[in-house]
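All remarks here apply to the structure that follows.
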Amino acid sequence: MALNVPGLVATVVFYALVLGIGVWASVKSKRDENRTQANHADMALLGDRKISLVVGIFTTTATWVGGTFIIGTAETVYDPKFGLVWAVMPLAATVAFTLGGLFFAEPMRDRKYVTMMDPFQKKYGNVVCGVLSVAPLMSEIIWVTSTLISLGVTMSVILDLSYAVCIWISAAVAVVYTLLGGLYSVAYTDVIQLSLIFITSWLCVPFIFMSPASVDIASTSFNHTFQAPWVGSVTAGRAWMWLDIFLLLSVGDLGFQDFHQRTLSASSSATAKLRCYAAAVLIPTFGVPAVLIGAVAASTDWNQTSYGSPSPFDRGQTGLILPLALTHLTPPYISVVGIGAVAAAVMSSTDSALLSSASIFSSNIYKKILRTEASENELRWVIRVSVVVFGLAGTSLTFLHTGVMAFWVLGGEIAYIMMFPQLVCVLFFGVSNAYGAALGFGVGIVLRLLCGEPLLAIPPVLHFPGCRLEDGVYVQYAPIRTVCMLLVFVTILASSCLASVLFSRGLIPERWDVFKVKGRLTEQTETEIALPVGVQAVSAAEDVVGEEGYMSSFDPT
């Protein structure tokens, strides 16, 4: 196969367009920063909380509609071991943003946090926050890896370019415009990228359906034709696994900094909630073309195409099904259009992950722990260097594995198991403290590793019911991720209660209270005693909002 010159030209034009918009947005960001005398960090990381509602909806939606979202959905629908019922990403995103709008957007935005780690820093202190920050940083780097893999495999198949060249060039473009304008560049390029995703992906669908090698997808939906029905099924033995993946990809999304960065950049909590609800409705519509492409691929006699026999599944190329379908089932000029959809999707997610990781490092680690006296100009360079470093880290991991879903799930596990229960506790349970958070973090890591991870070649030590050996690899059919998440949640609350009781009653010497739990409890109690009874409850709630979280559920003392 020769180099696809028209496709290469179209890709270069697209990258130039995105880079041009990024440069324009950086100029606009600098002008607004000078005009309003805004802090550079606030402008770079949150757009000075002045991103309009429409642009905010675009960037919130585009962040989740990434290359992994599109390619992973098509891959899951096509894979005869799974099918449509397992392609839960579009529906999971709707659930995530609905829950986020109902419960998380308002408390986070009302307190004017800069990152999702701010409530941890205020309540638990710098040391524990610094340790906990490792989890979201890892999840963001892995997200960068996942999105770049999706673009790399697409461009290498359709353009016949080197996989490495495709990935490094794409990563460089995303890093450059993120460096230039921060959230402004990310948000405004997302507007163009999301529009391109919608237009180009739907342009490919009619041509996919006209392929002479494919049969009607309605006839293959529940009948075995060239492979198992593409609708798929959930057997009794795999029901818990399905639920585990659905919760991971829905509730787990609330543990990503990307989600909270979009709500925190809103002008008000009401606007933040509107962004969430709009994204909850819009995101599934971008998954429909990928579903249709996967269904057509499953309804194709590949021996009648230029791809030949055996099928992509038999060759172990299920993860390449979207670029393979565009290449062999559509005219060349349509496959080029498909590259635009994937490239736009990848850029819209990669830049978000880069900015999110830079936000946590610069705001919660560098400024609050490493260099508390850092100047604004110093932070400006820290943000820039962070974007480059995390971009290099994420890009380097793309050569460990070529499966987009593998990294997507791995990054989601970190957010779901390590961060989601922590965030719920710090925001909604006043009893949670640094001891519980630290112990919960450790328990989460140990438990997940004991369950095994094929991607990291870690065999399971804990064999849950239904665990069995398949093709030399142990497969856990129990909802191990949800079990780990719930155990982390219980550990945080139980150990926090225990630590509070032990220190408040003097059962452990106060000098051993390195996280000053007793001091916090005493201060809160004295405040409540000094106030009239009628306002004690209100004051307690406000105290927790201002210093420890959004809402207090109970206090063991």
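Predicted model, so just to flag it, every value in this text is computed and none were measured.
Between the side chain of Thr220 and the backbone N or O of Ile217 there is at least one donor-acceptor pair closer than 3.5 Å. No side-chain donor-acceptor contact under 3.5 Å links Asp79 to the backbone of Glu75. Checking side-chain atoms of Glu453 against main-chain N and O of Arg448 turns up no donor-acceptor pair under 3.5 Å. Without hydrogens or angle criteria, Arg275 side chain to Leu53 main chain gives no donor-acceptor distance under 3.5 Å. Between the Ser29 side chain and the Ala25 main chain, no donor and acceptor come within less than 3.5 Å of each other. With hydrogens and angles ignored, the 3.5 Å screen pairs no side-chain donor or acceptor of Trp230 with any backbone N or O of Ala297. Judged by distance alone, the side chain of Ser363 and the main-chain N or O of Ile360 form no donor-acceptor pair under 3.5 Å. Judged by distance alone, with hydrogens and angles left aside, the side-chain atoms of Asp244 form a donor-acceptor pair with the main-chain N or O of Thr482 at under 3.5 Å. No donor-acceptor pair under 3.5 Å is formed between the side chain of Arg481 and the backbone N or O of Ile245. Panel note: side chain Thr145, backbone Thr398; no donor-acceptor pair is recorded below 3.5 Å.
Around CH2 of Trp86, the count of heavy atoms belonging to other residues, nucleotides or ligands within 6.0 Å exceeds 12. Dense packing is recorded around OH of Tyr277, with more than 12 heavy atoms of other residues, nucleotides or ligands lying under 6.0 Å away. For Lys28, the NZ atom sits in a packed shell: over 12 heavy atoms of surrounding residues, nucleotides or ligands are nearer than 6.0 Å.
When all heavy atoms are compared, the tightest approach of Tyr113 to Pro107 is CE1-O, 4.4 Å. The minimum heavy-atom distance between Ser233 and Val85, with the atom names listed, is N-CG2, 3.6 Å. Contact detail for Ala325 and Ile293: the closest heavy-atom pair is CB-CG2, 4.0 Å. Taking each heavy atom of Thr189 and Val18 in turn, the nearest pair found is CG2-O, 3.6 Å. Counting all heavy atoms, side chain and backbone alike, Gly7 lies closest to Val336 at CA-CG2, 3.5 Å. Nearest heavy atoms, Ala279 versus Pro284: O-CD, 4.4 Å.
The distance between the ring centers of Phe420 and Phe489 does not fall below 6.0 angstrom.
With rounding to the nearest 0.5 Å, the separation of CH2 in Trp240 from CD1 in Ile480 is 14.0 Å. How far OG of Ser156 is from CD1 of Ile149: 11.5 Å, rounded to the nearest 0.5 Å. The CE atom of Met43 sits 12.0 Å away from atom OG of Ser265, with the distance rounded to the nearest 0.5 Å. Atoms OG and CD, from Ser357 and Glu140 in turn, are 6.0 Å apart once rounded to the nearest 0.5 Å. To the nearest 0.5 Å, atom CG of residue Leu326 and atom CD1 of residue Ile334 are 9.0 Å apart. In this structure, OG1 in Thr59 is found 11.5 Å from CD1 in Ile57, a value given to the nearest 0.5 Å.
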Practice task
Could you check Arg315 against Leu320 for side chain to side chain contact (heavy atoms under 4.5 Å, CB included), going step by step and ending with a plain yes or no?
Solution key: CA-CA 11 Å; Arg315 296 191 198 185; Leu320 304 177; over 6 Å; no

Practice task
Assess whether side chain to side chain contact (heavy atoms under 4.5 Å, CB included) is satisfied between Leu427 and Met108, documenting all intermediate values.
Solution key: CA-CA 9 Å; Leu427 288 178; Met108 295 288 283; 3.9 Å; yes

Practice task
Apply side chain to side chain contact (heavy atoms under 4.5 Å, CB included) to the pair Val337 and Thr330, showing each step before the final yes or no.
Solution key: CA-CA 10 Å; Val337 171; Thr330 67; over 6 Å; no

Exercise for the section: Go through the steps to decide whether Tyr307 and Thr327 satisfy the test side chain to side chain contact (heavy atoms under 4.5 Å, CB included), and finish with yes or no. Expected result: CA-CA 9 Å; Tyr307 181 81; Thr327 301; over 6 Å; no

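No side-chain heavy atom of Ser311 sits less than 4.5 Å from a side-chain heavy atom of Phe226. Contact check for Arg109 versus Thr263: no side-chain heavy atoms found under the 4.5 Å cut-off. Put simply, the side chain of Phe103 does not reach to within 4.5 Å of the side chain of Leu254, judged on heavy atoms. The shortest distance between side-chain heavy atoms of Asp314 and Trp302 does not fall below 4.5 Å. With contacts defined as side-chain heavy-atom distances shorter than 4.5 Å, the pair Leu397/Ile141 qualifies. You'll find the side chain of Met116 reaches within 4.5 Å of the side chain of Met419, heavy atoms only. At least one side-chain heavy atom of Cys276 sits under 4.5 Å from a side-chain heavy atom of Phe259. In this structure, the side chains of Trp168 and Thr395 come closer than 4.5 Å at one or more pairs of heavy atoms.
Residues satisfying the salt bridge (charged side-chain N to carboxylate O under 4.0 Å, His left out) test with Arg238, not counting sequence neighbours, are none. In terms of the side chain to side chain donor-acceptor pair (under 3.5 Å) criterion, residue partners of Asp301 (sequence neighbours excluded) are, by chain and number, Gln304.
In this structure, a donor-acceptor pair under 3.5 Å is present between the side chains of Ser352 and Arg262. Between the side chains of Ser359 and Gln261, at least one donor N or O sits under 3.5 Å from an acceptor N or O. Side chains of Ser146 and Thr68: a donor-acceptor N/O pair is present below 3.5 angstrom, by distance only.
The side chain to side chain donor-acceptor pair (under 3.5 Å) contacts involving residues 248-260 comprise Trp64-Asp253, Asp258-Ser356, where partners must be two or more places apart or lie in separate chains.
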